[in-house]
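What follows is a single structure, written as structure tokens, with notes after it.
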Number of protein chains: 2
Amino acid sequence: MNNCTVREIFKGVDFSDADFNIAQSKFERISVKKGDILLIAGQSVPYQYYVEDGCMRTYHITDTGKDVTIQFAIKDWWISDYTAFFTGGKSVLNIECIQDAIVYRLAKQSMEELYVEVPGIESFFRIKMERFFGSFQRRILSDLALSAKDKYKTFLKAYPNIEKHIKNYHLASYLGITTESLSRIRHELAHE
Amino acid sequence: MNNCTVREIFKGVDFSDADFNIAQSKFERISVKKGDILLIAGQSVPYQYYVEDGCMRTYHITDTGKDVTIQFAIKDWWISDYTAFFTGGKSVLNIECIQDAIVYRLAKQSMEELYVEVPGIESFFRIKMERFFGSFQRRILSDLALSAKDKYKTFLKAYPNIEKHIKNYHLASYLGITTESLSRIRHELAHE
DNA sequence: CTGTTTTCTTATCCTACGTCAATTTTTTTG
DNA sequence: CAAAAAAATTGACGTAGGATAAGAAAACAG
């Protein structure tokens, strides 16, 4: 698999050749290694990232040092600290590569140019954000309403392809439990 | 306080008289009583609501019958099941009036007309949604990282005007704890 | 392939918060 | 204002999941 193009990124958008070239020119392809940090909390957030391959996550470190994962992104997902990306404020999240990855980064400025220059792109992004919004809402419901075991099962069902890319402690951090608890839950589920 | 106008709703947007009239025509003013339900889970979601006065909440009832509050809205806030409102899907939330209220409802269709007819309105709504997005993100962080007591303190600090409008059991439902626990927390905080 | 580091598991004990039940306080209503 | 209903508090007890510690299993490096 070599350089993907924006055709893949904007699946569903009907590009002319000119549109294609404009869109392509706004992205920068970056190869990132496991452990690389693309954003540190407290900074401003100039980019969002499209993941062509590999796995990234956003996480927050609390005052007490607890690591809380907000999002994972595998192939064909987007990732950033969107709250800060949109508002122009400082990030509270870090972005980390947790499996060697190829990402395409898009600056906020370039995104806004795309809105204007390429018809259909703005609504593409709008729909993407609406889905994000939905996933946040479901996450809140799941956090408030479910036991650790049910949150785990819900995660597996909602994102069946992610587990194989991530460490147990990343998943625990996403579910808001300890690795030990997650380990017990896996044990129980295997024996029931 | 009588009929407010869209000037109040769209504070910060610089209207011409014509814009004003267009905008005003899209809203319907509704008086709602404590206990009234404006939306039931499973329905489609044609409206979002601007609260002029009183208090509303959105909540979800889980499979096991647990009541989970997603949002409160007091004076000058907007409320809906936005996930469903945007995507056109069915709601998972209910919208309930918890203190006699005056609300202005805006249909999705009318909102889209406004985007086109009144310059500045689309970005007004975009900014509103970005803030919503941020509040969802902060909520997830708070749910995953904090103890019940700290979530309560964080809520009071973030939304100092809401507590006086709502019952304890509504707040407990928002924090994801029982009314008994909230009661104990209040007791502890009063004595420390 | 072997030693080292990282990750995962298992066991014991502990604590924050839930459950259940009774009582008091507040709000609503006729 | 009195009676009834709704909401909040308090106490006794139970439990899911956290903390700590130690060992097993994978992953990685030389």
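Below, each value reflects all heavy atoms present in this structure, side chains not excepted, and no hydrogens, waters or symmetry copies. Every chain is numbered from 1, with letters handed out A, B, ... down the list of sequences. Note that the structure is predicted; figures quoted are calculated from it, not measured.
D:dG11 atom P lies 13 Å from atom CD of B:E188, rounded to whole Å. Atoms CD1 (A:I177) and P (D:dA19) sit 12 Å apart, rounded to a whole Å. Rounded to a whole Å, the CG atom of B:L171 is 10 Å from the P atom of D:dA8. Rounding to whole angstrom units, CG of residue B:L189 and P of D:dT9 are separated by 12 Å. Taking atom CD1 of A:I98 as the reference point, atom P of D:dA27 lies 15 Å away to the nearest angstrom. In this structure, the OH atom of B:Y169 is 8 Å from the C1' atom of D:dA6, given to the nearest Å. In this structure, the CD1 atom of B:I166 is 13 Å from the P atom of D:dA7, given to the nearest Å. Protein atom CG of A:L175 is 13 Å distant from nucleotide atom C1' of D:dG17, rounded to whole Å.
By the 4.0 Å N-to-carboxylate-O rule, B:E96 lies too far from B:K34 to be salt-bridged with it. Note on A:K75 versus A:E52: no salt bridge recorded, every NZ/NE/NH1/NH2 to OD/OE distance being 4.0 Å or above.
Remark on DNA chain D: of its neighbouring residues B:S183 and A:S147, the 5'-side contact belongs to B:S183, judged by nearest-heavy-atom nucleotide. Ranked by how close their nearest DNA chain D nucleotide is to the 5' end, A:R184 and B:K167 are led by B:K167. Between B:K149 and B:K34, the residue anchored nearer the 5' end of DNA chain C, judged by the nucleotide with its closest heavy atom, is B:K149.
Note on B:H187: every side-chain N or O is 4.0 Å or more away from OP1 and OP2 of D:dT9. Proximity of A:N168 to the phosphate of D:dA26: no side-chain N or O atom is located under 4.0 Å from OP1 or OP2. Side-chain N/O atoms of A:T178 include one lying less than 4.0 angstrom from OP1 or OP2 on D:dG18.
B:A107 pairs by the side-chain contact (heavy atoms from CB on, under 4.5 Å) definition with B:Y47, B:S110, not counting sequence neighbours.
There is a side-chain donor-acceptor pair under 3.5 Å between B:T83 and A:Q137. If you check the side chains of A:Y82 and A:Q48, you find a donor sitting under 3.5 Å from an acceptor.
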* Check step by step if side chain to side chain contact (heavy atoms under 4.5 Å, CB included) holds for A:L114 and A:I121. => CA-CA 7 Å; A:L114 277 177; A:I121 288 252; 4.0 Å; yes
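Contact footprint of chain A on DNA chain C: nucleotides with an atom under 4.0 Å from a non-hydrogen protein atom, first to last in 5' to 3' order, C:dT7 to C:dT12.
Between the B:S44 side chain and the B:K90 main chain, no donor and acceptor come within less than 3.5 Å of each other.
Residue contacts for B:K66: at a heavy-atom cut-off of 4.0 Å it reaches no nucleic acid atom on any strand shown.
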